[in-house]
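This one's a predicted model, so the numbers in the text were calculated from it and none came from an experiment. For this chain, numbers begin at 1 and follow the sequence in order.
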Amino acid sequence: MKLLEELPQDPSRVIRDYFPITEDRQLDRIYSEYRLGAYLLRLVAATNRRLEAWLIELEGDLFERLYDDRANPDEKKTIFQELFGKENVMEYEVFKYKNDEKDNQNLAALYQEYHSRPRSTTQNFLICVFFTQVPPMISKRKGYLRKGWVIANHKEFIGSLKKAFEKKLQIEIENARDLLGTRETIDIAVKEIEQYVAKHAQIRSRFSETDFEGKDLQSHPEIFPPCMIYLFSEFEKTGRLIHAYRLQLGFFLKKIGMTVDEQLHYWFEKSVDNVGVRFEEFIRTSGYQIRHLYGLEGGKKDYNIPKCSTIATSYFCPFVHLAPNILGEFLTQNHLVKRKSIVPSQKQLERMISLSSSNPTLACSQYFPVVYGRSLYRNIAHPMQWTRYASKVEGLLEEKSSKLAEKKDKED
Ligand code: SF4
């Protein structure tokens with residue numbers, strides 16, 4: 001419990017402290033203690049969906065860290081087999097000879113490329129996974145697809161491994177449910193731990209920043225970062241947003257305190273696609289995606305807003321996705337600056353526009369003082385950083401929370 005509580009604050013330290021590099025026997029003891037605790041937590045998670053979402057998310061993160069930091073190549077190969085199934089995993093050399101691919105130039109090139117990387121021989125290895133196990137690798141064209149097998153460096157598979165791990169954990173939690181109510185001693189222990197965990201997990205299950213609780217921030221767009229204000233205004237104006245942008249705005253609204261019911265009503269009422277659709281019908285279709293954001297469907301994960309670098313590649317950042325003339329217009333017309341009667345100077349505009357192509361987060365960081373008249377002590381790397389600073393400037397976040405804000409910035 002302590003380990004999982006500390007993990008989001010400082011994952012590297014947690015791995016160092018709880019899973020030290022030590023002799024094998026010592027390590028066996030550590031892992032078996034961990035397994036006992038982990039099993040008890042599965043029982044606790046089986047009592048309530050919020051705790052289930054919380055546990056799946058944290059253990060997923062822990063799995064990723066341990067895979068990266070602690071497992072040696074042999075252990076990694078075993079993890080592949082356990083999560084994808086032995087029949088769906090094949091070593092590169094075995095694949096080559098079994099399929100008579102010795103003369104395949106693409107495979108040779110892949111091998112060459114992987115061998116030219118630093119640390120390639122000891123820690124990295126090529127591995128083949130049957131395509132049915134890794135659909136995101138196919139859609140993102142990661143690795144080399146040959147005869148139904150995806151061949152790539154093992155590191156490329158980490159996202160799919162983590163997903164498979166989380167799915168397995170979800171099944172384990174479901175199976176653990178069968179044990180509940182069979183023995184009084186177990187039920188008493190589970191109840192006690194549930195109360196303790198719920199105090200911690202409840203904060204996260206509200207899916208909002210604790211220092212923003214009860215502030216009704218969705219009605220204060222003046223503290224929205226440029227990416228979110230752009231999407232928010234677009235949606236208010238047109239009633240439409242493409243899927244990825246709806247997700248981005250949905251993550252944000254959740255984080256600033258909108259409950260799942262509020263979001264369901266918000267998207268239902270504003271979206272033009274819902275004309276003629278009854279609310280019950282909407283809940284069954286689009287409502288699924290919104291409930292998913294809150295970890296109430298699918299993988300039961302408490303999704304966070306992606307950081308700026310991810311938004312730049314997969315979502316929407318005005319500094320990345322708007323053409324220079326449109327960006328210039330947005331930076332001057334944006335209601336943030338209009339509301340404050342601020343007009344960026346020509347020099348400031350030119351600087352931000354020229355920075356946007358090479359360093360969008362720096363351009364965004366330079367926009368902040370233009371809008372709020374206050375400098376940042378750290379450049380923007382995450383939309384919540386903007387939101388927290390802006391809330392402080394706008395008097396929505398008390399000064400006493402500033403320490404927390406600084407800590408959260410570091411976490412972001
Ligand atoms: S740099 Fe980050 S916070 Fe700023 S607009 Fe882009 S994604 Fe949003």
Side-chain angles (χ1 to χ4, degrees), residues 11 15 56 59-171 242-244 247-248 292 298-299 301 303 306-317 320-321:
I15 300 298
I56 289 175
E59 283 229 19
D61 291 348
L62 181 64
F63 164 79
E64 191 177 0
R65 283 277 171 170
L66 284 174
Y67 176 88
D68 209 29
D69 286 13
R70 288 295 181 263
N72 62 40
D74 284 343
E75 286 165 339
K76 284 182 169 132
K77 286 173 194 167
T78 310
I79 290 172
F80 267 80
Q81 292 178 344
E82 284 190 5
L83 290 177
F84 293 139
K86 271 190 180 150
E87 66 288 5
N88 294 313
V89 177
M90 211 186 282
E91 296 212 21
Y92 167 79
E93 294 296 339
V94 176
F95 173 85
K96 218 166 68 171
Y97 289 101
K98 229 177 169 176
N99 291 286
D100 200 15
E101 293 278 341
K102 289 181 282 299
D103 300 325
N104 183 324
Q105 293 304 312
N106 290 328
L107 271 186
L110 194 68
Y111 188 77
Q112 198 66 33
E113 188 204 325
Y114 137 79
H115 256 275
S116 62
R117 292 184 192 170
R119 295 176 76 215
S120 62
T121 42
T122 52
Q123 288 303 316
N124 285 338
F125 54 90
L126 290 173
I127 195 152
C128 318
V129 178
F130 201 59
F131 78 101
T132 50
Q133 302 301 307
V134 287
M137 300 265 302
I138 313 264
S139 56
K140 289 182 186 159
R141 294 172 193 274
K142 276 187 176 178
Y144 172 51
L145 183 63
R146 182 78 181 156
K147 297 185 175 168
W149 292 81
V150 179
I151 306 146
N153 188 339
H154 74 100
K155 284 180 179 241
E156 303 277 351
F157 291 95
I158 184 68
S160 300
L161 277 174
K162 190 178 174 191
K163 262 211 176 76
F165 172 86
E166 290 173 344
K167 207 165 153 198
K168 194 163 182 266
L169 177 55
Q170 199 179 346
I171 294 170
I242 63 165
H243 177 66
L247 270 184
Q248 181 179 341
H292 201 278
K301 218 178 136 175
Y303 292 96
K307 47 186 192 271
C308 297
S309 52
T310 312
I311 291 181
T313 53
S314 310
Y315 298 90
F316 175 82
C317 168
V320 176
H321 297 102

So, does [X] use its side chain to make a donor-acceptor pair with the main chain of [Y] at under 3.5 Å?
X	Y	result
Lys147	Asn99	yes
Thr313	Thr310	yes
Gln81	Thr78	no

For the pair Trp149 and Phe130, name the ring-plane relationship: parallel under 30°, tilted 30 to 60°, perpendicular over 60°.
-> perpendicular

Aromatic plane relationship, Phe84 with Phe80 - under 30° parallel, 30 to 60° tilted, over 60° perpendicular:
perpendicular

Hits for ring-ring contact (aromatic ring centres under 6.0 Å, His included) against Phe131, two or more places apart or cross-chain, chain-then-number order -> none

Identify, with sequence neighbours excluded, every residue that meets salt bridge (charged side-chain N to carboxylate O under 4.0 Å, His left out) alongside [X].
X	result
Asp100	Lys102
Glu64	Lys162
Glu91	Lys77

CD (Gln133) and CG (Asn88) are apart, to the nearest 0.5 Å, by 4.0 Å

The reported gap from OH in Tyr67 to CG in Leu83 (rounded to nearest 0.5 angstrom) is 10.0 Å

Residues passing the side-chain contact (heavy atoms from CB on, under 4.5 Å) test with Tyr144, sequence neighbours excluded, are Asn104, Asn106, Leu107, Leu110, Arg146, Ile151

Q) Do Phe63 and Leu161 have side-chain heavy atoms sitting under 4.5 Å apart? A) yes

*Indicate yes or no: at least one non-hydrogen side-chain atom of Ile79 is less than 4.5 angstrom from one of Phe165.*
no

With sequence neighbours left out, the residues meeting side-chain hydrogen bond (donor to acceptor under 3.5 Å, both in side chains) with Lys98 are none

